Amino acid sequence: QAQLGESGGDLVQSGGFLRLSCVGSGLRWERLAIGWFRQAPGKEREEVACISSSGGTTNYTDSVKGRFTISRDNAKNTAYLQMNNLKPEDTAVYYCAANVHSRCALSGYNWWGQGTQVTVSS
């Protein structure tokens, strides 16, 4: 059974940093693009970052460019989201998802984790 699990969420002050981890099991991890999403209360879910199966291509939403870094270790079936210079508007539940495609794509995220809460205080 395919599963994804996130960890690393926490309460931090503005300007602080966190690293989120996403571990997959039951998946052909090395063949799948991985995305990080977030959803804040009352807002739609948005894709924050994506990394291709090989790690050679990464994409970011404009609001996190220069602050967040997505990476992966296929030997550990793990993806990471390093978040620096956090802002209160980054507060959300963060989810990782695996895409059926090897490249980042708008659709195809078939497997999702349960989410981890990130709260940034001002």
Side-chain angles (χ1 to χ4, degrees):
Q1 183 178 356
Q3 289 187 327
L4 294 175
E6 304 94 337
S7 62
D10 206 343
L11 169 64
V12 296
Q13 291 188 331
S14 182
F17 63 92
L18 286 172
R19 188 176 81 157
L20 305 183
S21 298
C22 170
V23 179
S25 61
L27 295 165
R28 305 198 73 168
W29 182 265
E30 69 281 0
R31 294 191 176 189
L32 309 177
I34 301 296
W36 281 98
F37 294 76
R38 67 185 179 187
Q39 187 166 21
K43 294 188 177 181
E44 293 188 355
R45 185 176 63 198
E46 66 168 339
E47 184 171 11
V48 174
C50 176
I51 187 167
S52 63
S53 60
S54 67
T57 300
T58 57
N59 295 328
Y60 299 92
T61 192
D62 286 346
S63 61
V64 307
K65 285 180 181 177
R67 300 189 298 123
F68 290 13
T69 302
I70 189 171
S71 61
R72 64 190 296 161
D73 183 343
N74 286 347
K76 297 181 178 180
N77 282 14
T78 302
Y80 305 96
L81 186 67
Q82 178 69 42
M83 306 187 294
N84 297 330
N85 190 22
L86 283 161
K87 304 176 181 180
E89 51 264 41
D90 294 318
T91 295
V93 178
Y94 283 72
Y95 301 88
C96 66
N99 200 302
V100 295
H101 304 108
S102 61
R103 297 176 295 173
C104 294
L106 294 178
S107 62
Y109 285 103
N110 283 4
W111 302 279
W112 293 81
Q114 81 287 352
T116 186
Q117 177 70 46
V118 172
T119 303
V120 185
S121 64
S122 58

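Source: prediction; values computed, not measured.
Summarising the geometry, atom OG belonging to S25 is positioned 7.5 Å from atom CG belonging to L4; distances are rounded to the nearest 0.5 Å. Rounded to the nearest 0.5 Å, atoms NE2 (H101) and OH (Y109) are 10.5 Å apart. To the nearest 0.5 Å, atoms CD (E46) and CH2 (W36) are separated by 14.5 Å. With rounding to the nearest 0.5 Å, the separation of CD in E44 from CD in Q39 is 8.5 Å. Atoms OG and CG, from S107 and N110 in turn, are 9.0 Å apart once rounded to the nearest 0.5 Å. Separation of atoms CZ (R67) and CG (L86) is listed at 6.5 Å; rounding is to 0.5 Å.
Residue G115 comes nearest to E6 through the heavy atom pair N-OE1, 2.8 Å, listed as atom of the first residue, atom of the second, then distance. Annotation for N74 and S53: closest pair ND2-O, 3.0 Å, computed over non-hydrogen atoms. Taking every heavy atom of both residues into account, S52 and G56 meet most closely at OG-N, 3.3 Å. Nearest heavy atoms, W29 versus C22: CH2-O, 3.8 Å.
Counting only distance, with no hydrogens or angles, the side chain of R31 and the backbone of V100 share no donor-acceptor pair below 3.5 Å. A side-chain donor-acceptor contact under 3.5 Å links T91 to the backbone of V120. Within the 3.5 Å criterion, the main-chain N or O of S122 finds no donor-acceptor partner in the side chain of S14. The backbone N or O of G9 lies less than 3.5 Å from no partner atom in the side chain of Q117, so there is not a single donor-acceptor pair.
One side chain, Y94 or R38, offers a donor N or O that lies under 3.5 Å from an acceptor on the other.
A 4.5 Å side-chain heavy-atom check between Q82 and F17 finds at least one atom pair inside the cut-off. Side-chain contact between L20 and M83: present, with at least one pair of heavy atoms (C-beta onward) separated by less than 4.5 Å.
Taking the ring centroids of W112 and F37, they lie under the 6.0 Å cut-off.
Y80 and V118 end up in different hydrophobic clusters when Ile, Leu, Val, Met, Phe, Trp and Tyr side chains are linked at under 4.5 Å. I51 and Y60 fall within a single hydrophobic cluster, where Ile, Leu, Val, Met, Phe, Trp and Tyr are joined by side-chain heavy atoms under 4.5 Å apart, directly or via other members. In this structure, V48 is a member of the same hydrophobic cluster as I34, with clusters built from ILVMFWY side-chain heavy atoms closer than 4.5 Å. I70 and L27 fall within a single hydrophobic cluster, where Ile, Leu, Val, Met, Phe, Trp and Tyr are joined by side-chain heavy atoms under 4.5 Å apart, directly or via other members. Residue V64 is not grouped with residue V93 when hydrophobic side chains (ILVMFWY) are merged at heavy-atom distances under 4.5 angstrom, including chains of intermediate members.
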Worked verdict on N99 versus L32 for side-chain contact (heavy atoms from CB on, under 4.5 Å) = CA-CA 6 Å; N99 200 302; L32 309 177; 5.7 Å; no
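Identified under the disulfide (SG to SG under 2.5 Å) test for residues 46-77, with sequence neighbours left out: C50-C104.
Salt bridge annotation for K65-D62: present, with a cationic side-chain nitrogen under 4.0 angstrom from a carboxylate oxygen.
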